[in-house]
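Just below is one structure, and these are the notes that go with it.
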Amino acid sequence: MALTFRHLFRSFITTQYPEKRLSTSRRIRGQQFVWRSDLCTGCATCAKSCPHGIIQITTSTNGDNRYVVDNIEFDTGRCMFCGLCVEACPYNALYMGRSYEQARYSRKLLWADMETLMDPANQVSAYGHPELEWRIPRQSLLVYGQISQEMVDEEND
Amino acid sequence: MELEAQPFVINFGPSHPSTHGVFRLRTILDGEVIVDVEPIFGYLHRGIEKLAEGRTYVQNIPFTDRLDYLASMTANHGYVLAVEKLAGIEVPERAEYLRVIMSELMRISSHLMAVGFLTNELGAMMTPLLYMYREREKILDLFEMVCGQRLTYNYMRFGGVSHDIPREFLPAVKKFVREMPGFIDEYDQLLKENEIVLARTKGVGILPADVAINYSVSGPMLRASGVKWDIRKDDPYSVYDRFDFDIPTGSAGDIYDRYRQRIEEMRQSVRILEQAIEQIPPGEVCTKVPSLLRPPKGEVFARIEAPKGELGYYLVSDGSIAPYRFRVRPPALINLGVLRYMSRGWKIGDLIAIFGSVDICVAEVDR
């Protein structure tokens, strides 16, 4: 009975989702992949590291005997967001995304082509790229509650 | 005139809210009394063991997440231990501590689910389960902070873990560890001496210790029957030999003991967490391992104490980049074997409670 009353007067734990949104982890592995054409050398390490083989990359050689990426496509409908491709990229050209509302009516719409991957509206996640972490809003945690920046600093010094 | 009575067959599932997934129990009843139970599974079979033979060692880590999705971290841990044993990879100390912290958080989360669903199946629809979800949510938040996902973590790598923890992780875990014993007390207040829980669970579905050993049952189910067997103590892996913790055991081996067992194990996990947070050293979290790992020819078996029991991985390497054989010893499947023994002679209402106390995950049973 005492427990019931204690719970009657505590604050809410849940939030009203579509109206209120919590911020996700800085390292979240979500949609949409971000690909940077200026850094990519077309080595296809990402394609080799993918457990499902959903990355398709076609390259050709130009005059100075270097690879040029003609096309890169992700079949994100089959992706399991393990993040191995991002970890594998030796040139930091591939990033995970931060958005999560990616339901589509057709599987074909989940096919991410070159334009989608380079869309400037994509939000970049810091998964595999810790140098980006400070730019991304801090995750809202249930347990986090009253932990202040001072406590974080004290813990790590 | 005497009426002729025939045994009656009832199918529980494949889609039944109490079967924790797509799982069928073919039950033969005499009135309300259970004559026989036959677990029928395979509806969730994805052929992970076969799939793994066509992929490199690193690419198989995400697949181990999908074995027991309520305890992915420990599934990761067992697999990386097996490959490290096979290839002789050293792990930095900080990574070992991180693995222990993650595994123990995972154990708490998995036991919370087990206890929550057990109360759900005893008829306390949803309310205790949501209490447990509240704490599980905190653990999932912590995992999300570290590795970016809430269910399929893919966190451990050969030679360490994929990422170091962010700066706010340790303060958050400390806060969680401080709070958690209070919450466990709260569950006790609600359930430990609850009349209905006692009436439904005391003396029901008894599993004697010798039967449990004969069926090679492991984990909390075995310990609830009074056998003191925990791989963390008896065959220590990682850095478990550095922590001071007890192995709680039950005595009667009934549903109530199995429920108590999980609660007590959570308390011990909190104790391990407290020590691990204090002892964790700074340093590297992963050694350099080639991404196309080619372990030497040979075979290896590594086992860990997963939340549901003894999780073993048997790997055979032929020296190429992919395993020749990838075999999982799933604790859930082997614990399930004893269900028929436990539920014979009980009423059909007790079957669901007994089944809930086994705590299976169908994805791990079928693989």
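Just so we're on the same page: letters track the sequence lines, and every chain starts at 1. Note that the structure is predicted; figures quoted are calculated from it, not measured.
Interface residue B/Arg157: only side-chain heavy atoms are found under 4.5 Å from chain A. Looking at B/Tyr153, the atoms closer than 4.5 Å to chain A (heavy atoms on both sides) all sit in the backbone: N, CA, C or O. In this structure, chain A has no heavy atom under 4.5 Å from any part of B/Asn60. In this structure, the portion of A/Arg26 lying under 4.5 Å from any heavy atom of chain B is its side chain and not its backbone. With a 4.5 angstrom heavy-atom cutoff, B/Leu140 does not touch chain A via any of its atoms. Contact annotation for A/Thr45: neither backbone nor side-chain heavy atoms come within less than 4.5 Å of a heavy atom of chain B. Contacts of B/Arg134 with chain A are made by both backbone and side-chain atoms, with heavy-atom separations under 4.5 Å.
Checked by atom type and distance alone, the side chain of B/Glu144 never pairs as donor or acceptor with a backbone atom of A/Ile28 at under 3.5 Å. In this structure a side-chain-to-backbone donor-acceptor pair under 3.5 Å is missing from B/Arg294 to B/Leu292.
A distance below 6.0 Å separates the ring centres of B/Tyr79 and B/Phe326. Remark: aromatic rings of B/Phe63 and A/His52 are close, center separation under 6.0 Å.
Of all non-hydrogen atoms in B/Pro92 and B/Thr287, the two that sit nearest each other are CD-CG2, 3.9 Å.
Classification of the A/Tyr127-B/His163 ring pair by plane angle, with boundaries at 30° and 60°, yields tilted.
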